[in-house]
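All remarks here apply to the structure that follows.
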Amino acid sequence: MKIAFVGKGGSGKTTLSSLFIRHLAANEAPVVAVDADINQHLGAALGLAEDEAAALPALGAHLPLIKEYLRGSNPRIASADTMIKTTPPGRGSRLLRVTEDNPVYEACARTVLLDGEPVRLMATGPFTEADLGVACYHSKVGAVELCLNHLVDGPDEYVVVDMTAGSDSFASGMFTRFDVTFLVAEPTRKGVSVYRQYKEYARDFGVALKAIGNKVQGPEDIEFLQDEVGEDLLVTVGHSDWVRAMEKGRPAPFELLEATNRFALQALQDAADDSYAHRDWARYTEQMVSFHLKNAESWGNAKTGADLAEQVDPDFVLREGLDARGAFDGGAGVEEIVSPRPQTHRPAPQPA
């Protein structure tokens, strides 16, 4: 499942996304974690030292390699130079999978051990001196969007993306790339304003949005969030001594995280797992193509000197069952319906 964490700056979205990643790793689930915020705090939240986090390879710096690999033998893409962040896959394109080894992961991902369990970590990369005054945030996350467009994931596989603060992600089509979006909201008027804005923007795109109430101090905070967010409120999270110690660089074993917070994280995993039953690959592909055509007309055609609408393979639907080159295993046609693999359920964590 592809999962996004969003929220206003300071809401705790990076902390909660890192806790969720740790929870999945503790359950021995395969995880690809992506820091898509140029503030680049996810590595540190996962326990990396400052120099280790700064040394993470930037996805944007490897964009030529990413394009060339994903292009594969797709006859609709004349060259990797004509690919833009929204270029959709088609027959012949190379696809990414969560658990495989490939040149993109080799160049752009690093393995982080969380209490001995491996997680692949990727980062969009911070602004550099050359970007100041001439580049926007969205130019830095184009590699993330392109990878998500070519990613095929199944049940019990997780791609967790820590997004930029606020509603900036709506400047690209990346907000439609997820099975479920967790919005972190504090129990304040400002805290729920981003939720309302996100809800309004996402309304016509079938985005599954769930709210996490963070920094909750008592029943009045919960009541406030219930009144403002309604049925979208999934769980609430309060103070954590474990998190405070982690932020000081002295994390305890994850199994010692407070039982109430561990149960909250399990509720997030259950919601993510439940979203698999509602996955609609056809709509996913249609939205991908729609945003590509908009970007092509707006700026892509002029930048590349090509008609990028020709990159769209009208008979291709991204879905499970495709091999690494965008064809169905066994040579079946692209319209074949692939039955989902059975979903497995892990037991809820026990109190520490």
Side-chain angles (χ1 to χ4, degrees), residues 1-5 12-37 39-57 97-101 105-106 108-123 153-163 180 182 184 212 214-215 234-273 343-352:
M1 275 67 68
K2 303 181 188 74
I3 301 149
F5 278 80
K13 69 175 181 62
T14 297
T15 297
L16 281 168
S17 63
S18 71
L19 290 176
F20 185 60
I21 291 165
R22 289 178 183 271
H23 168 79
L24 294 173
N27 283 350
E28 300 183 354
V31 183
V32 173
V34 182
D35 191 343
D37 190 334
N39 290 321
Q40 302 291 278
H41 294 314
L42 183 59
L46 291 174
L48 295 184
E50 185 175 336
D51 58 337
E52 292 174 324
L56 288 171
R97 297 185 181 277
V98 172
T99 58
E100 70 180 0
D101 294 319
Y105 289 155
E106 182 179 352
C108 305
R110 294 294 178 265
T111 298
V112 178
L113 293 179
L114 303 176
D115 286 351
E117 298 296 335
V119 166
R120 273 181 171 144
L121 175 61
M122 306 171 76
D153 57 311
D156 303 315
E157 296 176 339
Y158 301 87
V159 179
V160 182
V161 182
D162 182 24
M163 299 282 279
V180 62
F182 292 132
V184 181
I212 306 170
N214 193 29
K215 304 180 183 179
L234 181 62
V235 294
T236 60
V237 180
H239 172 78
S240 170
D241 290 334
W242 191 96
V243 170
R244 180 61 60 87
M246 182 268 293
E247 291 175 340
K248 293 177 180 178
R250 304 171 182 174
F254 186 68
E255 63 184 14
L256 298 181
L257 179 72
E258 299 85 2
T260 53
N261 291 330
R262 293 175 66 193
F263 284 121
L265 294 173
Q266 184 61 46
L268 300 186
Q269 183 179 0
D270 290 342
D273 290 345
Q343 183 175 349
T344 59
H345 296 276
R346 299 183 182 88
Q350 298 302 309

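Between Leu42 and Ser18 the shortest side-chain heavy-atom distance falls below 4.5 Å. Side-chain atoms of Val161 and Lys2, non-hydrogen and from C-beta on, never get closer than 4.5 Å to each other. At a threshold of 4.5 Å between non-hydrogen side-chain atoms, the residues Asn261 and Leu19 do not count as touching. Within the 4.5 Å cutoff, no side-chain heavy atoms of Val98 are placed close to those of Tyr158. The closest side-chain heavy-atom distance from Asp153 to Val32 is not below 4.5 Å. Contact annotation: the side chain of Gln266 approaches that of His23 to within less than 4.5 Å [non-hydrogen atoms, C-beta and beyond].
Distance check: Leu56 CG to Asp51 CG gives 10.5 Å after rounding to the nearest 0.5 Å. Atom CG of Leu24 sits about 9.0 Å away from atom CE of Met1, to the nearest 0.5 Å. Going from atom CD of Glu52 over to atom CG of Leu46 covers 11.5 Å, rounded to the nearest 0.5 Å. Here Lys13 contributes atom NZ and Phe182 contributes atom CZ; the two are 14.5 Å apart, rounded to the nearest 0.5 Å. Atom NE2 in His41 sits 13.5 Å away from atom CG in Leu48 (nearest 0.5 Å). Between the CD atom of Glu117 and the CZ atom of Arg22 there is a distance of 12.5 Å, given to the nearest 0.5 Å.
When all heavy atoms of Ala25 and Val31 are compared, the pair lying nearest together is N-CG2, 4.4 Å. Shortest non-hydrogen contact noted between Ala26 and Phe254 is CB-CD2, 4.1 Å. When all heavy atoms of Leu234 and Ala271 are compared, the pair lying nearest together is CD2-CB, 3.8 Å. When every heavy atom of Ala45 is checked against every heavy atom of Met246, the shortest pair comes out as O-SD, 3.6 Å. The two atoms that bring Ala272 and Ile3 nearest to each other are CB-CD1, 3.7 Å, heavy atoms only. In terms of heavy atoms, Asp35 sits closest to Gly43 at OD2-N, 4.3 Å.
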Stepwise side chain to side chain contact (heavy atoms under 4.5 Å, CB included) test for His239 and Glu258: CA-CA 10 Å; His239 172 78; Glu258 299 85 2; 6.0 Å; no
Evaluation steps, side chain to side chain contact (heavy atoms under 4.5 Å, CB included), between Ile21 and Leu121: CA-CA 10 Å; Ile21 291 165; Leu121 175 61; over 6 Å; no
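A search for salt bridge (charged side-chain N to carboxylate O under 4.0 Å, His left out) contacts involving Asp101 returns Arg120, not counting sequence neighbours.
Between Phe5 and Phe20, the ring planes lie tilted relative to each other; the angle falls in the 30° to 60° range.
A distance-only check finds a donor-acceptor pair linking the side chain of Arg262 to the backbone of Glu255 [under 3.5 Å].
There is no side-chain donor-acceptor pair under 3.5 Å between Tyr105 and Glu100.
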